[in-house]
Trainee: 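Here's a structure for you.
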Amino acid sequence: MNNLSQILLVTILSVMLCACDLSISNSHSSNQNNSGKLNAGAGAPTFEAGDCNANTAGVNWDALMDKNCPRLSDYNLFKLASDPTAQPNSGGVPYDLSVQLFTDYATKYRFVFIPENVKANFNESEVLDFPVGTVLVKTFAMPENTAFRDGPELIIETRLLIHRPHGWVALPYYWNPDDNGTDAELAALGVDIPNMSTIHNGANLAFTYTVPDWTACTSCHAKLSSGVSTFIPIGPKARYLNKDYTYDNSYTVNQLMRWAEGDILEGLPVDTTTVMETIQFNDSLVVSALTNDELNDAAKAYLDINCAHCHRSELTLGEGYSGPAGSSGLQVEYNREYAADPTKFGTCKVAVAGGAVDYPYDVIPTDAARSYLLFRMNTNDPRHRMPELGRATVHQEGVELIEAWINNLPVASCSPQ
Amino acid sequence: MKKIMHASLIIFVTALTLIVSCKVEDGEDGAPGADGAPGQDGNIGDAILTTSGFALPSDAIFIAPNANDGDNITDAINLAIFDAFTAGNSGGTFVLPKGSFVVDDTITITNGNGLTLTGYGINETKLDFTSATSSDDAIRFEGGIDITIRDFGVYEAKKNGIKVVGANGVHITYSATVWEGELNNSNGAYGLYPLNSTNVLIENSFARGSADAGIYVGQSSNIVVRRNVAKENVAGIEIENSFNADVYDNLAIGNTGGILTFDLPGLTQAFGGNVRIFDNQIYANNAENFAGGGAVSIVPPGTGLLVFATSNVEIFHNEFKDNETSSVEIASYFLSDDDVASYVVGDGSGNYEATMANGWSPLVKNVYLHNNTVQRSGGNPRGVLISDIVAGYTLMKGETMPAVLYGGIGQVLDDVGAIAGFGLVPVTSAASERAAAASIDLSYDGYSASEQICASNNFNQNSAADSIDFPDVNIGQVYTFDPTTPDLASDVLQGNTVLAVCTQTRLPIARVTFKSKVYGCAGDDLSAPSCSL
C-alpha cells in the first residue's frame with residue numbers, strides 16, 4: 001500500500017511544518033544515582049519550544065512535548081539509538097503486562113518514561129493517570145521462532161504515546177530496513193510489510209504485517225462522548241501491571257510496588273492485595289489444565305485487552321463515555337460481571353452490525369462452533385475479522401481459550417437443547 | 001472534460017498561492033476581500049463549485065489535485081489529514097479530486113470540528129475500495145462536531161461505507177455508497193452509517209447494494225433523512241434505537257425491505273421512538289434477502305415498511321407500490337423470539353431483563369398509520385419468518401396477503417396480563433426519564449387508547465385492472481384479541497374492523513441543529529410540501 005518514498009515525503013513535510021519555530025532546547029544532565037528513585041536525574045519538559053535536533057544528554061523532553069520528529073533517535077529515549085529494546089535513558093522504566101493484545105505473535109518491549117519529580121496516580125480500574133510529559137514506548141519485534149523469544153528477531157516498529165499538555169498523541173516509527181537498524185523513521189502513513197514470517201509451533205506463518213497509519217490510532221485508543229473522541233492509553237492498567245517483573249536480570253519484584261517505591265506512582269493502596277489482578281495469560285498456558293475459575297478469569301482478561309478498548313461502555317470509564325464500539329452492545333470489560341448481564345458478553349445476542357450465516361448469536365454457551373464472536377476471532381476476512389486492526393494472522397491460543405470458555409459457560413436459552 | 005479540469009487546476013494553483021502568502025484578506029473578518037465586497041469571500045466569483053453547487057472555500061485543502069483516474073490516493077488523503085490535524089487544523093475543507101480513484105485502507109478522521117470532506121460531485125468523485133485488504137470501514141469519522149460529508153461516492157467498501165460514530169452534528173449530502181453487481185452477502189454491511197450521534201442530517205444521497213442497511217442511523221437522536229434514494233439493499237433506510245427521526249421524501253426501491261424502524265435488545269441506547277416516516281415512495285422492495293446474518297436477515301422480501309418493536313411511530317402519506325409481501329408490517333419483538341418465558345425470570349437472569357432495565361421493550365405501541373396509499377401489494381408473499389402467516393392468509397383463507405400486517409401477539413399478551421411480570425423489572429431512572437421525555441410508555445398494564453396501533457384514512461390505489469390480480473387490500477392482524485384462539489384476522493384497508501380506526505396525537509417534528517441552523521420541517525423545510533402533511 002504505502003510507498004516508502006511517500007513516507008519520506010511525509011517526514012519532510014512534517015519537518016517543514018515544524019520548522020517555523022526553531023529554538024534550542026535545554027539539555028538535561030542525566031546524573032545516575034542510586035537513591036531508588038526510578039527517574040532520578042531524568043529531567044523534565046520545560047514546555048519551551050522543542051527541537052528535534054537538540055543534543056540532549058538524556059531524553060529530549062521538549063521535542064516530545066511539541067514536535068513530531070522525523071526520527072525516533074531525535075527524542076533520545078535510549079542509550080543506543082539502534083536498540084529500542086533495552087537501556088532506556090534515565091526516566092525510562094521497562095514493564096510488561098499479565099495479558100497482552102495479540103499482534104501477529106510479535107514480541108513487545110515496553111517502557112514508560114516519566115519526567116523527574118512527577119508521578120502517575122493509581123487508578124483502580126482504568127489506565128493509570130500518567131502526568132503530562134509521560135511517554136509510553138512500545139517496540140514490536142518478530143521473532144524468528146516464537147518458541148525462542150530471546151533468539152533472533154526483526155525489529156519492526158516503535159510506537160510512542162506521548163502525554164502532551166493538550167492530551168495524548170501517538171506517533172508510529174518504522175525501522176526501515178534501508179536504515180540497517182540504525183534508527184526508525186516517522187511513518188504517519190503506515191507501512192505494509194509483505195513476506196513477514198515467523199515459526200510458530202513448528203509451522204511457518206507468512207503474512208503481511210501492517211504498521212497502522214497515524215489516523216488509525218484512535219480506532220482503538222479512544223473513549224467517545226457526545227461529539228468528542230478522547231485519546232487514551234490502553235495497556236497500563238493496575239490489573240495488568242500487578243505482577244512480578246525482573247529488573248536488570250537481577251531482582252524480581254511486583255511492578256506496582258516497584259513504581260511506588262521508585263517514586264513514579266502514588267496512591268497505590270497500602271494493602272496491595274486489594275488491587276485487581278488477572279491470571280497471566282501467554283501462549284504456553286495449557287487451557288485444558290485451567291480450573292473453571294481460572295478459565296473464566298483468563299477469558300475475561302483476554303477479551304478485555306484484545307476487545308474491550310473498543311467494546312466497552314460507561315462502567316468505570318465514566319457516564320456517557322464508551323469505547324469506539326460501545327454501541328454494538330457487546331461490552332467485555334474485565335471488571336464487568338458476566339452473570340450480571342450475559343448479553344453484554346454476547347450471550348444469545350444477535351450481531352447488530354454484521355452477522356454471518358451459520359453464526360446466529362455472538363456467543364452461544366456450550367456451542368463455540370456456532371458463536372459469531374469466535375468466528376470473527378478465527379477469520380482473516382476483513383469483512384468479519386476482529387479485532388479490525390493489528391492482526392493478519394489468527395491467534396490460535398486465543399481462539400482456543402475463548403472456545404473453551406464459551407463451551408464451558410452456563411447453558412443459556414440459545415444453547416443447543 | 002480535460003479542459004474543464006485544466007481550468008480548475010489553474011484556479012486551484014491560484015488558491016494555493018493565496019494560502020502560501022498568508023496575508024491575503026479573505027473577507028471573513030468583515031474586511032474587504034481581495035476582490036469582493038466587504039464581508040464576502042473575495043474569491044466567491046471564481047470559486048470552484050461542486051456539481052451540487054457547493055463553493056469550495058479558498059482555503060480548502062486540495063488532496064492529490066493532479067491525480068489521474070485509477071491512481072491510488074490513500075496516502076495523499078492520510079497525509080493531508082495528518083498534516084492538517086497535527087498542525088491544529090481540525091476544521092478545514094478537504095477536497096477529494098475529480099475522477100475515479102483507488103483507496104485501499106480505511107480513512108479515519110477523529111474529532112473533526114466543522115470539518116468538510118467533499119469531492120466534486122456524487123458522480124464526479126469516486127473512491128474505489130475494491131483492492132483494500134486490511135481495511136473494514138471505507139471512511140470512518142470518530143467523534144467530531146458539525147461534520148459535512150458531501151459530493152463523492154464510496155464504492156465496494158469491505159465492510160461499511162461511510163461510518164460516523166459519536167459525533168454531534170453530521171450532514172451527509174450528495175454522497176453515495178455503492179456495491180455494484182450482483183446482490184449477495186459478500187457486499188458490505190452499512191452504507192451511510194451514522195451511529196451514536198446527535199443531529200444527523202442525511203439528504204440527496206444514494207445507497208445501493210448493501211447487504212445490511214443502505215442508509216442506517218443507529219442509537220442516535222435528532223435525525224432527518226430526506227430526499228435520498230435507497231436502491232437494492234437488504235434494508236433501504238433503517239432507523240434503529242433512535243429518537244426523534246423524520247424520514248421523508250425518499251425513494252426506497254428494489255430493497256428487501258424499503259424502510260425499517262427497529263428497536264433491538266441489548267444496545268447501549270436501549271430504545272428509541274418518535275419516528276415519523278412520511279411522503280416517501282416505497283416501490284417494489286422485492287429483492288431476496290441477501291444479508292449474511294444479523295438483525296436484518298429476518299426481513300421478509302417484499303416488505304415496504306417494517307416497524308419492529310419501536311414505539312411512537314407515525315407513518316403517513318407514503319406511496320406503497322408493488323411490494324410483493326406486505327406494504328406495512330408492524331410487529332413486536334415476539335415475532336423474532338417467541339420464547340416469552342425466557343424474557344424475564346425475575347432474578348435478573350432472564351434473557352432480556354438487563355436491557356429491559358435500560359428501557360427496552362419487546363412491545364410495539366402507538367403506531368399511527370394514516371393517509372398512505374397502497375397499490376398492487378402482496379403479489380408474491382414470502383419470507384422464512386412469516387411463512388406460516390403467508391400460508392394462512394393465502395392458502396387457508398384464500399385472500400391476497402394483507403397490505404398492512406400487524407403481529408399483535410405482544411398486545412394480546414399485555415392486554416390479558418400475561419406479561420405483567422415484565423413490569424416488575426426495575427427500570428433505571430435514566431431510562432425512565434428518557435422514556436418520559438419522549439412520551440414512551442414502558443408499562444405492561446394493557447394497551448390504553450394512546451398506545452393503540454391506529455390505522456385511518458389509508459387508501460386502496462389499485463386501478464380496476466389491478467383489482468383483478470389484487471382483489472383484497474386488507475389490514476390483517478395475526479392473533480386476535482382472544483389469546484386462546486389465535487387467528488388471522490383481516491378486513492379492508494379503509495374502515496377496517498381489525499385495527500382500531502383511530503387517530504393518535506401527532507408526533508413532534510424532528511429538528512436537526514447543524515452549525516446553529518435548524519434543518520427539517522421545523523427549520524429549512526418549513527414550507528416544503530412534505531412538511532405540511
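Because the structure is predicted, anything quoted here is derived from the model rather than measured. Every chain is numbered from 1, with letters handed out A, B, ... down the list of sequences.
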Trainee: Measuring heavy-atom distances to chain A, does B:N187 have an atom under 4.5 Å in its side chain, in its backbone, in both, or in neither?
Mentor: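 Backbone only.
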Trainee: Are B:F82 and A:L186 packed together at the side-chain level, in the sense that at least one heavy-atom pair is separated by less than 4.5 angstrom?
Mentor: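 Yes. Closest side-chain heavy atoms under 4.5 Å.
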Trainee: Are any side-chain N or O atoms of B:T268 and backbone N or O atoms of A:G329, one a donor and one an acceptor, separated by less than 3.5 Å?
Mentor: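 Here the side-chain-to-backbone pair does not exist.
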Trainee: Which bit of B:N185 is near chain A, if near means a heavy-atom gap under 4.5 Å: side chain, backbone, both or neither?
Mentor: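 For B:N185, heavy atoms of backbone and side chain both lie under 4.5 Å from chain A.
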Trainee: At a heavy-atom separation under 4.5 Å, does B:Y352 approach chain A through its side chain, its backbone, both, or neither?
Mentor: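 B:Y352 has no heavy atom closer than 4.5 Å to chain A.
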Trainee: Atom CD1 in B:I145, atom OG in A:S226: separation rounded to 0.5 Å?
Mentor: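 So the gap between those two atoms works out to 7.5 Å.
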Trainee: Select one option (side chain, backbone, both, neither) describing which atoms of B:E142 are under 4.5 Å from chain A's heavy atoms.
Mentor: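 B:E142 touches chain A through backbone and side-chain heavy atoms alike.
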Trainee: Please name the residue in the list B:T86, B:L79, B:N78, B:T108 that meets the side-chain contact (heavy atoms from CB on, under 4.5 Å) test with A:W214.
Mentor: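 Passing option: B:T86.
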Trainee: Would you check if A:E388 and B:K159 make a side-chain contact, meaning some heavy-atom pair closer than 4.5 Å?
Mentor: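 Yes, their side chains come closer than 4.5 Å.
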Trainee: Does any heavy atom of chain A fall under 4.5 Å from the side chain of B:F262, the backbone, both, or neither of them?
Mentor: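 Answer is neither: B:F262 stays 4.5 Å or more from chain A.
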Trainee: Taking A:R383's backbone N and O only, do any of them form a donor-acceptor pair with B:D136's side chain (distance below 3.5 Å, no angle check)?
Mentor: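 Looks like no, no N/O pair under 3.5 Å.
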Trainee: Does any backbone or side-chain atom of B:S186 lie under 4.5 Å from a heavy atom of chain A? Answer side chain, backbone, both or neither.
Mentor: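 Contact with chain A involves the backbone of B:S186 alone.
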Trainee: Does the side chain of B:E240 come within less than 4.5 Å of A:V352's, by heavy atoms?
Mentor: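 A side-chain contact under 4.5 Å exists here.
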Trainee: Looking only at side-chain N and O atoms, does A:T218 offer a donor or acceptor that is under 3.5 Å from a partner on B:T110?
Mentor: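 On atom types as modelled, these side chains qualify, holding a pair under 3.5 Å.
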Trainee: Go through the atoms of B:A189 and report whether side chain, backbone, both or neither lie under 4.5 Å from a heavy atom of chain A.
Mentor: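 When you check distances to chain A, atoms from both the backbone and side chain of B:A189 fall under 4.5 Å.
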Trainee: Tell me, for A:T208 versus chain B, whether the close heavy atoms (under 4.5 Å) come from the side chain, the backbone, both or neither.
Mentor: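 The answer is neither part of A:T208.
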